[in-house]
Q: 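Starting off with a structure, shown below.
So that the names make sense, note that chain A is the first sequence line, chain B the second, and so on, each numbered from 1. Every heavy atom of this structure was used, including side-chain atoms; hydrogens, water molecules and symmetry mates were not. Small disclaimer: the values here were computed from a predicted structure and weren't measured.
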2 protein chains.
Amino acid sequence: MDRKLNGLKAAICQVKIVPGNSRVNGEHIVREIADAEKRGIPLIVFPELSVPGYCLGDVFGNDGFVDDVLEWNDRIRESTVGKDIVVVFGSLVAASGKTGKNGRRRISNAAIAVRDGVMLGQVIKTNHPNYGVFEDDRHFFSRKEESFESGDPLSFRPIKMTFQGKTIRLGIIICEDMWHTHHACNPGARLVEEGADIIINLSSSPYDWHKNLVRNEVARMLLAECKVPLIYVNNVGIQNNGKNIITFDGCSTVYDSQGKIVHVSGTYVSGTSDVTFADNMPSIASVDQDDTSDLYNALSFAFYEQFQTLPSGMRKVVIGLSGGIDSATTAALSVKVLGKENVFLVTMPTENTSDETLGLVYDIARRLDVPVETIPIGELVDAIAAKAGCKPGTRAYSNIQARVRMEILAAKTEEIGGVFIGNGNKVELAFGYGTMYGDIAGFVLPIGDLVKREVYQLADHMNRKVFPNPVIPDRCFTIAPMAELSETGADPFDYGNLHRRGYHDELVRAFVEFLKGPEWVLNLYATGRLEAEMKLDTGTLDRLFPTKETFVKDLERCWELFIGSVRKRVQAPPIIKVSRRSFGYDFRESMLGVMRTLRYERLKRDLLAGRTWNGGKRRIAVYGGSFNSPCNHHVGIAKVLTEMFDLVIVMPCGERPDKASANVIDPMHRGVMSEIAFGGLDRVVVDLTDIRDKTYTPSYHLSERYAERYPDADIWFAVGSDLVTRGADGKSDIQRTWTHGPVIWKTLQWVVVDRPGHEISPGELPPVSESICMGPIIGSGTMVRERLARGESIDDLVPRGVVEYIERLGLYRNSE
Amino acid sequence: MDRKLNGLKAAICQVKIVPGNSRVNGEHIVREIADAEKRGIPLIVFPELSVPGYCLGDVFGNDGFVDDVLEWNDRIRESTVGKDIVVVFGSLVAASGKTGKNGRRRISNAAIAVRDGVMLGQVIKTNHPNYGVFEDDRHFFSRKEESFESGDPLSFRPIKMTFQGKTIRLGIIICEDMWHTHHACNPGARLVEEGADIIINLSSSPYDWHKNLVRNEVARMLLAECKVPLIYVNNVGIQNNGKNIITFDGCSTVYDSQGKIVHVSGTYVSGTSDVTFADNMPSIASVDQDDTSDLYNALSFAFYEQFQTLPSGMRKVVIGLSGGIDSATTAALSVKVLGKENVFLVTMPTENTSDETLGLVYDIARRLDVPVETIPIGELVDAIAAKAGCKPGTRAYSNIQARVRMEILAAKTEEIGGVFIGNGNKVELAFGYGTMYGDIAGFVLPIGDLVKREVYQLADHMNRKVFPNPVIPDRCFTIAPMAELSETGADPFDYGNLHRRGYHDELVRAFVEFLKGPEWVLNLYATGRLEAEMKLDTGTLDRLFPTKETFVKDLERCWELFIGSVRKRVQAPPIIKVSRRSFGYDFRESMLGVMRTLRYERLKRDLLAGRTWNGGKRRIAVYGGSFNSPCNHHVGIAKVLTEMFDLVIVMPCGERPDKASANVIDPMHRGVMSEIAFGGLDRVVVDLTDIRDKTYTPSYHLSERYAERYPDADIWFAVGSDLVTRGADGKSDIQRTWTHGPVIWKTLQWVVVDRPGHEISPGELPPVSESICMGPIIGSGTMVRERLARGESIDDLVPRGVVEYIERLGLYRNSE
């Protein structure tokens, strides 16, 4: 650590930001500055956008709102008049007279440094995040864009402050600026090059899975290069984008110049910490919380704060309790967070409700010490079904049950003054396993970002660590989850549980959190790597899917459900984001049809056919010959090849000095006849290059040509079995007579088509080869030419169009 | 026009793009290329992202999907082998080994030019749109970013093709690249500088209000500079982002080098037009459709296409008919677009339903020739209310009606196999005037982007121009809109109608389409400009709001409803976008509390107090004096000032050579006592600068200091009435004795506080002044000093804290 900083005290102000409320935030900041000055602190730092808040959507386009933020900037600056403290806070700045986004006023996400009523400098964010919930580029003008506009490269200048007679240079950056590995610019390092003695990162960085671990690693990488201390100041609170409730966990951290953590502010605690820089500051042991504790902390904080956004008389919740783990978990969470006096439990059985689940409902309510109201809804359901003309046992009838439950919850809610919440989890949302306006409804879906295994873990955590006694009965952890909307049995998913991961849980995570599709899944499955990748118990897939066919069928069903249920999710309640990517605006979903990629279709075909695995590359067969004339059996071979390959290239040779028969008619005619014979076939193209160029390209060179024309394809050469005979001895025609024969024998891939009299024995085949057994083949070019020379009919040997062409032009009459 | 282009034929391929389906799009493109080549066309152009589609959300982050697009790029290129045609199509390109968005693979939105199997070049989009429904920066890497990364300025190179032996340079740009006025780079102009003979703009540009008119203007501006022809090729179809259905209207246009329109492809027609360039191509008269025709075309196209996304057996719609204009309009639209055999009408009366509206329901159904089923729901509603414990007449009871209707529509829908739709309009959505899971529900809200006036206009348009005979009865246009969920009367909004605009319609447009807030509205209202700005009939506002108070009350109610109903909109069905900005992802809304800006509060206060209008600037009063000592009456004046001003600056002077009494004690004591007396008052600050600097700043200089410290504020100087006496004659103390007295008398703003014995007569006041009548004032600094010198109590004259300070330090004992 630079000695200059020794003794410097900095107030790390981890404020709770109220999004969109500059007044509350501004007043808070003014107050904190006054307090810090009274404590004699020379430097106070606030998080990114601490005046307006961050996740505000298009409010940033409202000029009145922006003016208000600017006025608060002024007020904060004014409040420092006469005070000897350097204040660094995050806010908006506006560049008057310059064009911003979509022709609007130009505003930027910036840090402002002031002292004694005077602006010391302002720093505009360089690197904008535009992923997940972030959309900085929609609203703000970055330094990157300024640089592009002016044509000048970016320059970085630290902001100076005086401390005990020495000048300290503050290198101020904003949030994503630190996550430089994904960007072309590293503002922190650039500032240190320009003399910064310390980096201060103003952040507004939401909690998600293991984010803080990653951030510590990023900081360490930065400081390994920069070798100065780093103050990372983050806010707390929740903000949302309409569809996601995002938690900001604070955890403001100070690193020394070796990247060692020397201070961490509390998780989800709004408050200011004073840090004094010194030599050899003691290292803070990083708090190793287990994942479920993190999850519980984030969820309970968000849940509580979300209810604080309601008017104070409305902070009551109605929950429909089914006896299953999901509703038990949300009920327990609600009781803990809101207090049992604010939780109203209702159970609404029908004839599909089992005695056991109803018993669980009462057990849960008893353990939570909350009364549960039982409202049987069978008659109501029947009444509505009768009015609408729906019969029991139909899907419509099932959904009526879910919607009547919603009706009752909604009505109760309005009657008592509160809200109701939904109990759906991420797997149900992913596969649309829920009823729109039924169980997919409510003020918030508290566990909507948890796969089933995480629901069990959360429930277990609350049982063991949150409540003095278990509130969720053991049986809830073992009973098979089922919707109980009809007589159908358990949910059709392999959910995880407390002790193991579930395939469908992990499939949802692959689709949503990692943006993977069925192609990725199938490729891993086929190569035996899926269980390891998904961290499933060995044998899970075999247990679930006895055959490849059943695996594929389930995968396709899941993908269809996933795509098809976007329509439900766009009308779903807000979800608390706790994972890497949650449904909501974090994961932008358009309503699209189910589309399978070309590669997926090939993977599936190859898997089911037990074919050599090439990772789904396009398989192309090159089928060369003189086609003199093209015959029915040629067409037959091409057709069989299309069953095995994605593309069949028929390649008639041009003039061949070495094969007189190829030249008995103008090769152009062979080209035209090939077009006639093969051109109409699906996935067959006729390559007339050699005909046009009057040449004959050996396979050795053809393979180069096609590798260039069809990059990333898997190219095979189709040959008759006569050409590979005696291959084991190196004496096949290919090895002996073809250009670079011994080389291509080993390096190219061959499809060997059996020819009468040349049965193929495996030992004779080239190293990489597949075989096609065509059965008896009638006809050959020679036979056609002979018959024509004799004036005999070729109708049985040659496609109709070719026959007509030959007849019209009188080909082969005079030859031989 | 450059002669070189004469005779050049270009196929403008306005394809219908199926979003997310590269297979369908790729095959379509391949087919169009083959057809165009057969017609002998040397150049064919396709729209932006014509392989993958545009509005796909995070599907762009799925590597399998991207690979599939890249394979289709290859397949399109391969399909041109042997063909003499230059193909320009929009697609994705990937830069391997380079970091893209959020550390992912780098992909770009690009144009690809190929010929005879060979890539001629690729052009990456320079200017990314990130507003409304667009989020290019989320997914794609732009040329701008490439330039920033490399540090090299952008270079632009046309792509060459040969036509009739001449080289033609194609200047290819992508969509937003043309809308250069909002960006720092004009790629079209740059390409022309580099020799481009023609500009080709590949677009995927959605329809919205007057967009094509604006685009023609932008094109004309570009060509006025560039003087080459321009091909603008756009796609048709619908795409969506989950919450918005966006229509692409095609209207591909060719402009000659003067910007004259020489070709327009049909609106919403998928197809290819061959355009031959020549000298003096005839100008196409632009089709002047009225706005309502445009609206009808967009809506009916989107509505039809949205139903095409359903499985073919599901393209039936159930509509709840109320007799009002909204449901009548959606029913008529549905009948026209889907055919009457696919429309099922249901009416669900309760006791709140009037005979008249029920009569209208039957009249509408008869005119549409569709049977209507009547399902009274009163008993069901009562049954649910009874179960949930809701009483008739409550809001909960009202909402049960709306939700039961939804239940029945949903159940019917599932029974017959189809969907139901919602009838809500933009005004209802804006103010949350609808029931979640009740009437705000359905497959789509077809008129969810129309204010009420537009609904009437659309209904009238269909009556007059779409159907042979009017299908919507005249009475629907005149009956007062009401929800009929309770006995309450007509909707509390001033909707527009066929013949005039409505205030609340326009208020919604201001809030949503123009991102305005109450501050903007109030400022226009107060200055008499709101009716003109909103194009309302003169007198509308006076009719609706007899007083300023009622206007403000309604405005605040509307803003609260608008902000408070975000929670409903985030769970609302998709909306067809037809306006400049629609609810949905087009307008990003976070759930925020109602926040009024500082300026709004000032505007309101000034309006209601009838104060001089300053446009909501912060009003600051500077209250200077010697405060020797500060007395109760000083504090009283400061308090009265805070009622009139946003900030009161108390400014005790430092040493005053001209006023001996100011120096009887160390001025520092006056500063401390001022802090004690005023420091705790809300919105009062004490400026100790002069005390600290031991000086006395005259008002002339103070006004400069404060103008700098408080920019954009409205600053007033508080003075006692004794100082303005005889001002009319130029003989007031201010004019005679203050620094630049005659100048500041005229240029500063004064608040004159009456002092005993110095009653103010209006004629004596400075030109800009306000007066405060304080009533009888007891005490003065002189009196305090005199009493202390006499050893008498000052408890009745001076604040408690000041008394204590004086006593502790024994001030004023020895003075005088």
Q: Determine the option with the most heavy-atom pairs under 4.5 angstrom with chain A, choosing from B:Leu380, B:Ile375, B:Thr99.
A: B:Leu380

Q: Using a 3.5 Å distance criterion without hydrogens, assess whether the side chain of B:Glu145 forms a donor-acceptor pair with backbone atoms of A:Ala184.
A: no

Q: At a 4.5 Å cut-off on heavy atoms, which part of A:Val404 comes close to chain B: side chain, backbone, both, or neither?
A: both

Q: With sequence neighbours left out, write down each residue that passes ring pair (Phe, Tyr, Trp, His ring centres under 6.0 Å) with A:Tyr437, or none if nothing qualifies.
A: none

Q: Which heavy atom of B:Asp58 sits nearest a heavy atom of A:Phe587, and at what distance?
A: OD2-CA, 3.5 Å

Q: Output the option from A:Leu409, A:Leu647, A:Ile384, A:Asn523 having the highest count of non-hydrogen pairs under 4.5 Å with chain B.
A: A:Ile384

Q: Any salt bridge linking A:Arg403 with B:Glu414? Criterion: basic side-chain nitrogen under 4.0 Å from a carboxylate oxygen.
A: yes

Q: Report the C-alpha distance between B:Asn130 and A:Glu135 in whole Å, list the side-chain angles of each, state the deciding distance to 0.1 Å, and finish with yes or no for side-chain hydrogen bond (donor to acceptor under 3.5 Å, both in side chains).
A: CA-CA 9 Å; B:Asn130 283 288; A:Glu135 39 195 17; over 6 Å; no

Q: On a heavy-atom basis, which atom in A:Ala388 and which in B:Ile408 lie closest, and how many Å separate them?
A: CB-O, 4.1 Å

Q: Between A:Asp68 (side chain only) and B:Leu598 (backbone N and O only), is there a donor and an acceptor less than 3.5 Å apart?
A: yes

Q: Where do B:Ser22 and A:Met595 come nearest, in terms of heavy atoms and distance?
A: N-CE, 3.8 Å

Q: Heavy-atom distance under 4.5 Å to chain A: side chain of B:Ala572, backbone, both or neither?
A: backbone

Q: Considering only heavy atoms, which portion of A:Arg569 lies under 4.5 Å from any heavy atom of chain B: side chain, backbone, both, or neither?
A: neither

Q: Identify the heavy atoms of A:Ser590 and B:Asn241 that sit nearest to each other, and give their distance.
A: OG-CA, 3.6 Å

Q: Using a cut-off of under 4.5 Å on heavy-atom pairs, state which of B:Gly151, B:Ala410, B:Pro153 scores highest against chain A.
A: B:Ala410

Q: Can you tell which part of A:Gln306 gets under 4.5 Å to a heavy atom of chain B, answering side chain, backbone, both or neither?
A: side chain

Q: Considering only heavy atoms, which portion of A:Glu519 lies under 4.5 Å from any heavy atom of chain B: side chain, backbone, both, or neither?
A: side chain

Q: Ignoring hydrogens and angles, tell me if any N or O in the side chain of A:Asn240 forms a donor-acceptor pair with the backbone of B:Met591 under 3.5 Å.
A: yes

Q: I'd like to know if the side chain of A:Arg709 reaches the main chain of B:Val118, judged simply by a donor and an acceptor atom lying under 3.5 Å from each other, with no hydrogens or angles considered.
A: no

Q: Out of B:Asp63, B:Asp67, B:Val81, B:Val24, return the one with the most heavy atom pairs under 4.5 angstrom to chain A.
A: B:Val81

Q: What part of A:Phe60 gets within 4.5 angstrom of chain B, counting heavy atoms only: side chain, backbone, both, or neither?
A: neither

Q: Could you work out, with ring pair (Phe, Tyr, Trp, His ring centres under 6.0 Å) as the rule, every residue matching A:Phe443, not counting sequence neighbours?
A: A:Phe307

Q: What part of B:Phe134 gets closer than 4.5 Å to chain A, counting heavy atoms only: side chain, backbone, both or neither?
A: backbone

Q: Check whether A:Leu70 gets within reach of chain B through its side chain, its backbone, both or neither, counting any heavy atom under 4.5 Å.
A: neither

Q: Between B:Arg618 and A:Glu78, is there a side-chain N and carboxylate O pair less than 4.0 Å apart?
A: yes

Q: Quick one: does A:Lys412's side chain have a donor or acceptor within less than 3.5 Å of a partner on B:Gly389's backbone?
A: no

Q: Among B:Ile377, B:Thr394, B:Asn399, B:Ile416, which has the most heavy-atom pairs under 4.5 Å with chain A?
A: B:Asn399

Q: Is there a side-chain contact between B:Arg23 and A:Glu601 in this structure, where contact means two heavy atoms from C-beta onward sitting under 4.5 Å apart?
A: yes

Q: Among the options B:Pro376, B:Gly82, B:Pro129, B:Ala385, pick out the one with the most heavy-atom pairs lying under 4.5 Å from chain A.
A: B:Pro376

Q: Among the options B:Glu149, B:Arg599, B:Met406, B:His139, pick out the one with the most heavy-atom pairs lying under 4.5 Å from chain A.
A: B:Met406

Q: Can you tell whether the side chains of A:Lys387 and B:Glu407 come within less than 4.0 Å, N to carboxylate O?
A: no

